[in-house]
Amino acid sequence: MTKLINGKEIAQNLRNQLKREIDNLKNKIGKVPGLAVVQVGNVAASSVYVKAKTKSAKEVGIEVIDHHLKEETSEKELLELVMKLNNQNNVNGILVQLPLPKHINEQIILDSIHPDKDADGFHPLNVGKLSVANNNDENLLIPCTPYGCLVMLKGLDINLQGKNAVVIGRSNIVGKPMAQLLLKESCTVTIAHSKTKNIEKLCKDADIVVAAVGRPEMVKGNWVKNGAVVIDVGINRIEVNIDGENKSKLVGDVDFIEVEKKASAITPVPGGVGPMTIACLLRNTTIAFKNSQKN
Ligand code: GUN
């Protein structure tokens, strides 16, 4: 029987745990973590994510400091806001929703966020720490989506050591940090990407496949070996024709109907990785808050 990995439930458990921890911190020190959420412009998907992140943060007791800036905001203005937030005492985590408008250099903005307040774990210092730190460092700020995938993998009844893992996609947000996390678990990791030759064969040898490319239903049933674990990071909106009517539907990077027949465990879309990303953002904010109390 294929196990459906229930990201919604695992994320809920993580949020419950964080809520208890934040309640305790509030009782003990009279303060709660603060998360600044910055959106520039009105990309529809970003608005959905920002709304969901804000709602979840408030539910666990995090204070949200919301900054929604207009599309025309200059890089300099955004940098000034980040600097202000870097120095603001009630802000422990800063999230700048990506993508940013084309006229703003994303890396310059990500580099300007204070590494201690880097709720996404995208700052080069935190990227570096992830690659050199040992396995049990609880204070690291780790990119949310790959960390969420790791939590789901660790919740399965499998030993990750020595497993062949293929990560499809080499983004800074998911693919590269995912590979680092799997390497830390002693997996043998391959990163596949758009220029990779014979990607199907690589996948076929994998015990674990993490698909994060943004290509609807790319991973087919005959790419996956029997019993593999498949984590689908993709969230793609496609048009489907149902009874002569065009409807939009969310699908992952994995052809779920085909791959479910082969995998021992698989994440659905929606309800798999998505909720985990948000829960891990709240976790990072809480870690940043606790780290700030030590200084
Ligand atoms: N855009 C897509 N995913 C993410 C994410 O995890 N963090 C931020 N800041 N922007 C994103």
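Order of listing sets the numbers, starting from 1, for every ligand and every atom in it. Quick note: residue numbers are just sequence positions, from 1.
The parts of L98 lying near ligand 1 are both backbone and side chain, judged by heavy-atom distances below 4.0 Å. Here L95 has side-chain heavy atoms under 4.0 Å from ligand 1, and that is the only part of it that gets that close.
Electrostatic pairing of E185 and K163 does not count as a salt bridge here, judged by no charged N lying under 4.0 Å from a carboxylate O. Using a 4.0 Å cut-off between charged nitrogen and carboxylate oxygen, D253 and R215 do not count as a salt-bridge pair.
In terms of polar-atom proximity, defined here as any N/O pair under 3.5 Å, T145 makes no such contact with ligand 1. Not one N or O of F122 is nearer than 3.5 Å to an N or O of ligand 1, by distance alone.
In this structure, the side chain of D120 does not engage the main chain of F122 through any donor-acceptor pair within 3.5 Å. Side chain of S264 to backbone of G227: a donor-acceptor contact under 3.5 angstrom is found.
Shortest contact from atom 8 (C) of ligand 1 to any protein heavy atom: D120 OD2, 3.5 Å. Here the heavy atom of the protein found nearest to atom 11 (C) of ligand 1 is Q97 NE2, 3.4 Å.
Side-chain contact, N42 with H68: a donor N or O sits under 3.5 Å from an acceptor N or O.
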